[in-house]
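For reference, the structure discussed in these notes is given below.
Numbers restart at 1 for each chain; the letters A, B, ... are given by sequence-line order, proteins then strands.
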Amino acid sequence: MSDFSMLDYGLGIFQALLIIVLSPLIVGIMRKTKAKSQKRIGSGIFQPYYDIIKLLRKDEIISDQSSWIFRATPWINFVTTASAAFFIPVFLVYSPFGVVGDILLVVGLFALGRFFTMLAGLDTASSFGGLGSSREMMVSVLVEPALFMTIFVIASFYGGTNISTIVSSANDTSILVVPGILFALIAFFIIMMAETGKLPFDNPSTHLELTMIHEAMVLEYSGKSLALMEWSHAIKQIILFTLFVDIFLPWNFVEQISLIGISFGIMLFIVKVSALASFTAFIETRVAKWRLFRVSDLIAMAISSSMIGVIFFFL
Amino acid sequence: MSENLSIVYVIIAFFSLGATLGLFTRGQKYHAYFTYIPSAFASFLTIILSLAIFSSENIHLTFFNIQHLFDFEIFIDGVAAFFLLIIGLIPFAVSIYSLSYSKKFDDKKNNSALGMLFNVFIISMILVVISNNVFFFLIFWELMSLTSFFLVIYEHENKNNLKSGLTYLVMTHLGTGFIFASFMLMYAQTGSFSFDSFRDVTIIPQYVKDIAFVLAFVGFGTKAGMIPLHTWLPKAHPSAPSNVSALMSAVMLKIAIYGIVRYLFDFNAIGSSSDYVWLGVGIIIIGSISALVGILYALVENNIKRALAFSSIENIGIIFIGLGLSVVFAAFHLLSLSVLAFIASMFHTLNHSIFKGLLFMTAGSIHYSTHTKNIEDLGGLIKKMPWTAMMFLIGSIAIIGLPPLNGFIGEWLTLQSLLAVFQIPSNILQVSLAFAILAFALTIGLAGATFVRLFGITFLSKSRSSKAINAVEVPRLMLIGKAILASSCVLLGILPFIGINLIVSAFDLPYTPSSPFETISITNADGSNFASLLMPAVLIIFVSVIVGIFAFVRIIGGKTKTIKYGTWDCGFGSLSERTQYTATSLAEPIRRIFGIFYNPYNDITVNSYAKENLYLKKSINVISTTRNIFDEKLYGKIISGSLFVLDKIRKIQSGKVNAYILYIMITLIALLLFVGFGIHE
């Protein structure tokens with residue numbers, strides 16, 4: 001740990017802050033893309049920022065049935081996702097906090113946030129919350145094997161679960177079109193859609209009991225708590241996008257620290273992540289919500305895809 | 001060394017004191033103190049003993065040397081000391097807990113037997129671990145099984161408890177039979193009943209060691225609750241009083257793990273031989289199946305203690321996965337990976353003892369103040385029993401392996417050793433072990449869902465019955481007992497090197513212990529970092545993020561009000577405890593997807609007002625049940641098969657005297673023929 005200078009740590013914190021600050025922007029870009037592809041004008045890409053600030057200033061109404069779990073969950077959610085941001089390389093080829101935790105810790109932190117969100121859904125004694133928790137339970141249970149298989153493929157290919165190691169060896173690899181990695185990419189994309197509650201898994205833009213999963217759990221939140229919930233959801237989403245970019249599109253990461261290099265790196269990062277976000281949003285407008293029990297088929301596809309990746313690695 | 005030995009005597013003396021006082025002070029006011037304070041003290045000494053053994057020499061002593069059969073040898077090495085630590089720590093907490101918990105039985109029945117058996121049960125486990133001779137090992141093993149059997153049927157007024165006790169008795173003796181056979185096989189080779197001669201690997205041929213190990217594995221595995229020999233576990237553990245369930249799940253299962261570890265690394269001496277690959281793979285397969293199936297049944301279970309018992313099966317499975325991987329890696333000369341997998345497995349053993357003890361004690365607290373184990377009757381307990389809820393939450397987060405608690409470290413290490421299988425130079429093995437990752441990942445996911453359900457339905461939302469409405473927080477001593485284990489969960493999670501160092505020095509692993517604030521790191525051959533984890537730093541990041549966001553919200557958001565109001569009811573009103581999600585409905589999607597394991601069955605009866613018009617319904621009753629395919633398909637078949645055979649055999653016993661004389665004749669002739677034509681040397 002000692003071979004990093006203060007500058008490195010400063011940049012590491014800057015990377016994490018960049019993720020936290022840019023996350024609402026990505027939500028805005030995705031909403032805009034969706035609006036455009038549906039022939040709507042849509043709100044501006046900075047709207048999520050205004051929403052968060054507005055919500056932070058509002059009074060809160062909480063259910064009289066709820067306990068401290070309900071009140072603590074937004075904070076826990078924010079803390080887990082924002083802490084996970086520290087381990088993700090954004091424009092540098094490494095994160096100075098890479099030794100502190102690896103991709104499994106990031107998965108664990110997300111799971112901790114989700115654990116509390118599911119409990120909060122049950123806490124308000126409303127049937128909506130239970131419904132959301134129940135469905136989230138199912139999706140998260142099924143996603144887990146796909147996720148770990150994908151991590152297995154990536155770890156085997158790039159020699160580590162440490163994200164900095166993965167990114168630096170991916171950055172050094174001249175050819176990225178390896179069959180194993182391609183299958184891992186398919187699997188990771190599906191996992192990403194499931195984890196961030198995108199169509200066809202979940203439709204966060206409706207409040208209809210037939211479709212909602214994540215929204216049902218956070219239905220009772222208002223004011224500050226809602227702002228934190230939305231924000232941490234956005235951070236989780238941008239972290240998954242960044243991981244996708246880090247692992248599968250790892251070009252031109254900054255290896256030598258210089259002002260030009262870093263600013264170029266930040267630009268490139270924003271371009272790559274927004275492109276991925278727009279692509280995801282575009283896909284969302286092209287599919288319909290799947291029936292809940294067909295979702296397992298899609299996740300099974302992700303599992304088999306990553307399994308094929310494993311086999312390709314060993315061939 | 002002599003001080004350590006005197007600690008052993010004091011431990012035995014105090015447990016005996018607890019047991020006798022427990023019997024002789026029956027019905028008195030301070031009965032619980034006389035029984036459980038000696039056991040708490042002796043357990044505490046057990047912790048000290050094990051820590052002393054880590055830093056000094058082993059104890060090896062033969063007591064009376066009459067015949068070789070009856071030597072009472074004790075041998076406390078690092079391996080035994082590690083398990084003694086578990087037998088010290090959990091009973092220490094459980095004894096303090098029992099001081100109050102045993103009052104539950106005060107007005108119902110005499111709890112002198114409970115106190116006596118409790119003490120004998122703990123001392124028998126200690127003696128199993130320290131005895132170094134087949135004869136005494138088996139005697140104490142049997143003592144452990146029998147005392148726990150009597151504890152299982154302690155509340156024998158309930159017919160179900162008697163039945164589960166009987167299942168336990170049969171299954172545990174089946175296991176003992178296998179262990180006995182294995183020991184006899186070793187005896188036949190070595191000609192000695194001492195474990196010392198079993199350690200001498202040179203005289204025993206390979207195939208005998210293999211057979212002996214498989215027999216022992218089945219025997220100890222039955223005690224550990226591996227699938228498909230697990231059937232007693234989810235019946236017996238919930239039947240016992242909760243302090244005993246905590247001991248059984250947290251400690252007794254680990255004694256079985258102790259047996260397997262002894263065989264695997266001490267008697268069998270897993271060296272670097274490729275002969276052991278199949279053995280390791282076998283253990284991994286059984287471990288994966290146990291983990292997955294155990295947690296699948298825990299997920300749909302409505303009896304909180306039975307759900308915890310099923311989750312014990314899962315955790316034993318995870319421990320087996322680590323052990324198996326360790327064997328496989330050792331067979332391929334990947335020594336450092338083998339050490340990693342072994343540390344993972346032992347770390348999880350320690351972890352599981354701690355959080356399962358904690359969870360069973362909290363389940364006992366819930367039963368103590370609500371008198372029900374059915375989570376469908378509970379709900380809203382977080383407001384009535386805030387501290388118990390906190391403990392259960394810590395236990396849940398630990399058991400499902402979430403950071404920053406100890407379960408995460410155990411599962412992280414296990415997962416790292418699973419991810420390292422790509423270093424095994426065999427393609428078939430690599431791809432097949434990838435399926436173990438699949439099973440393991442699914443297990444982790446299902447465990448998360450299980451404990452969301454257990455915690456959410458038990459503690460959150462509205463109370464579902466008057467039992468839960470009238471609940472009150474349990475006495476302070478019960479909370480202290482739980483708090484000891486809860487704080488161990490936190491400590492081992494944040495400073496995992498405390499546990500890792502213990503394991504390293506206990507098992508004499510080729511790895512230098514490091515300071516508790518060190519990074520756990522796994523490096524590749526080329527020196528790059530494969531994975532690393534530094535929990536104290538994670539905690540620092542946590543704290544700084546909390547401070548940061550709190551300040552941000554305060555500055556941007558300013559001061560806002562929080563208003564309490566009813567839950568949103570879509571404007572219809574009348575939200576009641578009947579409109580919220582139930583435990584069964586919460587698990588419904590998963591129950592449907594994994595229906596093949598549960599055979600879910602809905603029994604719907606419609607009562608209509610008139611027979612002629614079925615559309616006007618008076619009431620609809622739905623009974624939704626799940627079934628255990630192991631009990632139904634496997635054990636059901638075995639039981640009906642043996643009943644069929646026994647029914648046929650019964651015909652021999654006709655009750656006629658002349659038939660019996662005929663049998664004697666036939667036997668006599670057969671024996672004469674055997675002697676006459678038998679092989680004489």
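Heavy-atom distances place no part of B/Ser521 under 4.5 Å from chain A, backbone and side chain included. For a residue to count as touching a neighbouring chain, one of its non-hydrogen atoms must lie under 4.5 Å from one of that chain's; by this rule A/Phe313 touches chain B with the side chain only. Heavy atoms closer than 4.5 Å to chain B are found in the side chain of A/Leu228, but not in its backbone. Within the 4.5 angstrom heavy-atom criterion, no atom of A/Leu55 approaches chain B. For A/Ser169, no part lies near chain B; criterion is any non-hydrogen pair under 4.5 Å. Proximity to chain A (any heavy atom under 4.5 Å) is restricted, for B/Ile382, to the side chain, taken from C-beta onward. Residue contact with chain B, scored on non-hydrogen atoms closer than 4.5 Å, involves the side chain of A/Phe293 exclusively. Proximity to chain B is limited to the side chain of A/Glu220, based on heavy atoms less than 4.5 angstrom apart. In this structure, the portions of A/Val79 lying under 4.5 Å from any heavy atom of chain B include both its backbone and its side chain. Heavy atoms of B/Phe408 lying under 4.5 Å from chain A belong exclusively to its side chain. Residue A/Ser296 touches chain B through its side chain alone, counting heavy-atom pairs closer than 4.5 Å. Using a 4.5 Å cut-off between heavy atoms, B/Lys561 contacts chain A through both its backbone and its side chain. Contacts between B/Phe435 and chain A at a heavy-atom distance below 4.5 Å involve backbone atoms as well as side-chain atoms. For A/Lys58, the part sitting under 4.5 Å from any heavy atom of chain B is the backbone (N, CA, C, O) and nothing else.
Using a distance-only test at 3.5 Å, with no hydrogens or angles considered, no donor-acceptor pair links the side chain of A/Ser95 to the main chain of A/Pro89. At least one donor-acceptor pair closer than 3.5 Å links the side chain of B/Arg453 to the backbone N or O of B/Leu299. Although no hydrogens or angles enter the test, the distance criterion places no donor-acceptor pair under 3.5 Å between the side chain of A/Ser164 and the main chain of A/Tyr94.
When each of A/Leu109, A/Ile103, A/Leu122 is scored by its heavy-atom pairs under 4.5 Å with chain B, the top score falls to A/Leu122. Of all the listed residues (A/Leu131, A/Thr80, A/Leu292), the one sharing the greatest number of non-hydrogen pairs under 4.5 Å with chain B is A/Leu131. With chain B as partner, the option from A/Gly98, A/Gly160, A/Gly108 having the largest number of non-hydrogen pairs under 4.5 angstrom is A/Gly160. Contact count against chain A (heavy-atom pairs under 4.5 Å) is highest for B/Lys462 among B/Gln580, B/Lys462, B/Glu411. Residue with the most contacts toward chain A among B/Gly456, B/Pro403, B/Ala531: B/Pro403 (heavy-atom pairs, distance under 4.5 Å). Chosen from A/Trp231, A/Phe116, A/Trp75, the residue pairing most often with chain B at heavy-atom distances under 4.5 Å is A/Trp75. The residue among A/Val310, A/Thr124, A/Leu105 with the most heavy atom pairs within less than 4.5 Å of chain B is A/Leu105. When each of B/Ile546, B/Val553, B/Ile549, B/Ile593 is checked for heavy-atom pairs under 4.5 Å with chain A, B/Ile549 comes out on top. For the set B/Thr443, B/Thr582, B/Leu418, B/Leu393, the count of heavy-atom pairs under 4.5 angstrom toward chain A peaks at B/Leu393. Your options are A/Thr165, A/Leu142, A/Ile20, and the one with the most heavy-atom pairs under 4.5 Å with chain B is A/Thr165.
Cation-pi check for A/Arg294 over A/Trp290 is met; the charged atom lies under 6.0 angstrom from the ring centroid and within 45 degrees of its normal.
In summary, of the residues considered (A/Ser133, A/Ser63, A/Ser67), a side-chain hydrogen bond (donor to acceptor under 3.5 Å, both in side chains) with A/Asp123 occurs for A/Ser67 alone.
Using a 30° and 60° split on the angle between ring planes, B/Trp568 and A/Phe128 fall in the parallel class, below 30°.
Summarising the local packing, NZ of B/Lys564 is surrounded by more than 12 heavy atoms from other residues, nucleotides or ligands at distances under 6.0 Å. The neighbour count for B/Phe542 CZ, taken as heavy atoms of other residues, nucleotides or ligands under 6.0 Å away, is above 12. When the shell of 6.0 Å around CZ of B/Phe550 is examined, it contains 12 or fewer heavy atoms from other residues, nucleotides or ligands.
Inter-residue side-chain proximity for B/Leu296 and B/Tyr598 is flagged as met; some heavy-atom pair is nearer than 4.5 Å. With a 4.5 Å cut-off on side-chain heavy atoms, B/Pro425 and B/Gln430 do not count as touching. Residues A/Ser140 and A/Met118 have side chains in contact (heavy-atom distance under 4.5 Å, counting atoms from C-beta outward). Between A/Phe87 and A/Val100, the closest side-chain pair of non-hydrogen atoms falls below 4.5 Å.
Ion pair A/Glu144/A/Arg114 flagged as a salt bridge, since at least one NZ, NE, NH1 or NH2 atom sits closer than 4.0 Å to an Asp/Glu carboxylate oxygen.
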